[in-house]
Amino acid sequence: MTADFDGLSDPKAMRALAHPARLQILNRLGVEESATATEVAEIAGITPSAASYHLRMLAKYGFVEDAPPRGDGRERLWRTVGKPLSVGLLPEDQPEVRDAKVALMAAFRREANQEADRALASVETEPEEWRDATVFDRTRVKVTAEELTGLYKAIRELIEPYAVRRRERTGVPDGARAAEVQVNLFPVITRPVPGLPTEDHGLAQRGAEAEQAEREAKGAEGARGEGSQG
């Protein structure tokens, strides 16, 4: 992203969030209305005590909060607070803020790539309608910076009615399940061009290989000669 869109800016909060287990916990809470430390621990592959610690850290920086109890109320439930998780670099960012943003964006990308990899690995086992609905697409566009920003806002407007929490309020249709939309907008950076190997380089390589083969052959002949003496 090239603009912050009222997103994250506190370096301590961003460093706290840039942890794989905490991102997985937030993803789980983003889909479920609420969950216990034990329930999110299973998703993140950590112990319940470790999950409790991560939840407290997320709560410290305002990402999660206590949820209303269920059943007998003995278990502590957590939910997200709906805090924006967008982040982008700004010209006025101090070095500490910039470093925290870069680390968090890298964590976001790793988590997103892992989510996409899991989907791709399982796509053949999905029902036909979900296989047809699964799309991995890349499109190059020619835009100004302002147009790219506008494109992001337009995409967000299209996605928003389908967001999990919004859908839970307006009604979830039969057959609906959790899905993910990943949006990446960035200027293309020219790849380094290594160039083609020259013919001279190829001849030199072949010459070196021939010399090596000749040395090995002479060595083998010498060994046979030594073996025949006596």
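Positions are given from 1, in the same order as the sequence printed here.
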Report task. Answer with yes or no whether the hydrophobic clustering places L89 together with V87; edges join I, L, V, M, F, W, Y residues whose side-chain heavy atoms lie under 4.5 Å apart. Result -> yes

**Report entry** Which residues share a side-chain hydrogen bond (donor to acceptor under 3.5 Å, both in side chains) with R169, sequence neighbours left out
**Finding:** none

Report task. Answer whether the closest heavy-atom distance between the side chains of L55 and L29 falls below 4.5 Å. Result -> yes

Report task. To the nearest 0.5 angstrom, please state how far the CG atom of D66 sits from the CH2 atom of W78. Result -> 5.0 Å

Query - Trace of the side chain to side chain contact (heavy atoms under 4.5 Å, CB included) decision for R118 with E115 - result: CA-CA 5 Å; R118 285 192 293 271; E115 197 74 49; 2.9 Å; yes

Report task. Name all residues meeting the side-chain hydrogen bond (donor to acceptor under 3.5 Å, both in side chains) criterion together with T134; count only those two or more places apart in sequence or in a different chain, and write none if there are none. Result -> none

Query raised in the report: How far apart are the closest heavy atoms of T80 and E65, and which atoms are they?
Result: O-OE2, 4.4 Å

For residues 180-188, which side-chain donor-acceptor pairs fall under 3.5 Å, sequence neighbours excluded?
{"unit_1": "E180", "atom_1": "OE2", "unit_2": "Q182", "atom_2": "NE2", "d": "3.0"}
{"unit_1": "Q182", "atom_1": "NE2", "unit_2": "A112", "atom_2": "O", "d": "2.8"}
{"unit_1": "N184", "atom_1": "OD1", "unit_2": "R109", "atom_2": "NH1", "d": "3.2"}

Report summary line: Smallest heavy-atom separation, R22 atom then L17 atom, equals CB-O, 4.2 Å

Query raised in the report: What is the distance from atom NE2 of H19 to atom CD of E111, rounded to the nearest 0.5 Å?
Result: 12.0 Å

Query raised in the report: Do R156 and E160 sit within salt-bridge range, that is, some charged N less than 4.0 Å from a carboxylate O?
Result: yes

Requested in this report: Check T38 against P48 and note the closest heavy-atom contact, atom names and distance.
Outcome: OG1-CB, 3.8 Å

Query - Cluster overlap V164 with I159, hydrophobic side-chain contacts below 4.5 Å - result: no

Report task. Output yes when R79 and E168 qualify as a salt bridge under the 4.0 Å nitrogen-oxygen rule, no when they do not. Result -> no

**Report entry** Connected via hydrophobic side-chain network under 4.5 Å: V97 and L104
**Finding:** yes

**Report entry** Closest approach of A100 to M14 (non-hydrogen atoms, all atoms of both residues)
**Finding:** CB-CE, 3.9 Å

Query raised in the report: Counting only N and O atoms by type, is there a donor-acceptor contact under 3.5 Å from the side chain of T144 to the main-chain atoms of E147?
Result: yes

Query raised in the report: Hey, is CZ on F108 packed in by over 12 heavy atoms from elsewhere, all under 6.0 Å?
Result: yes

Query - Pairing of R15 and E96 as salt bridge, 4.0 angstrom limit - result: yes

Name each donor-acceptor pair under 3.5 Å that joins a side chain in residues 126-133 to protein atoms two or more places apart or in another chain, with its distance.
{"unit_1": "E126", "atom_1": "OE1", "unit_2": "R177", "atom_2": "NH1", "d": "2.8"}
{"unit_1": "E126", "atom_1": "OE2", "unit_2": "R177", "atom_2": "NH2", "d": "3.2"}
{"unit_1": "R131", "atom_1": "NH1", "unit_2": "E126", "atom_2": "O", "d": "2.6"}

Query raised in the report: Same hydrophobic cluster for V31 and L58, using side-chain heavy-atom links shorter than 4.5 Å among ILVMFWY?
Result: no

Requested in this report: Sequence neighbours left out, what passes side-chain hydrogen bond (donor to acceptor under 3.5 Å, both in side chains) with D99? Give chain and number order.
Outcome: none

Requested in this report: Establish whether I43 and V64 are linked, either directly or via other cluster members, by ILVMFWY side-chain heavy-atom contacts under 4.5 Å.
Outcome: no

Report task. Check step by step if salt bridge (charged side-chain N to carboxylate O under 4.0 Å, His left out) holds for R70 and E39. Result -> CA-CA 14 Å; R70 65 188 179 197; E39 290 168 344; 2.7 Å; yes

Query - Over 12 foreign heavy atoms within 6.0 Å of CG, L158 - result: yes

Report task. Report the residues that fulfil side-chain contact (heavy atoms from CB on, under 4.5 Å) with A51, sequence neighbours left out, ordered by chain and then residue number. Result -> A37, V40, A41, I46

Query raised in the report: side-chain hydrogen bond (donor to acceptor under 3.5 Å, both in side chains) between S49 and T47: does it pass, once the steps are laid out?
Result: CA-CA 5 Å; S49 59; T47 65; 3.1 Å; yes

Query raised in the report: Can you find a pair of side-chain heavy atoms, one from I25 and one from F63, that are under 4.5 Å apart?
Result: no

Query raised in the report: Donor-acceptor pair, N113 side chain versus R110 backbone, under 3.5 Å?
Result: no

Query raised in the report: So which heavy atom on K101 is nearest to which on L8, and how close?
Result: CE-O, 3.6 Å

Query raised in the report: Considering all heavy atoms of both residues, which atom of R98 and which atom of L90 are nearest to each other, and what is their separation?
Result: NH2-O, 3.3 Å

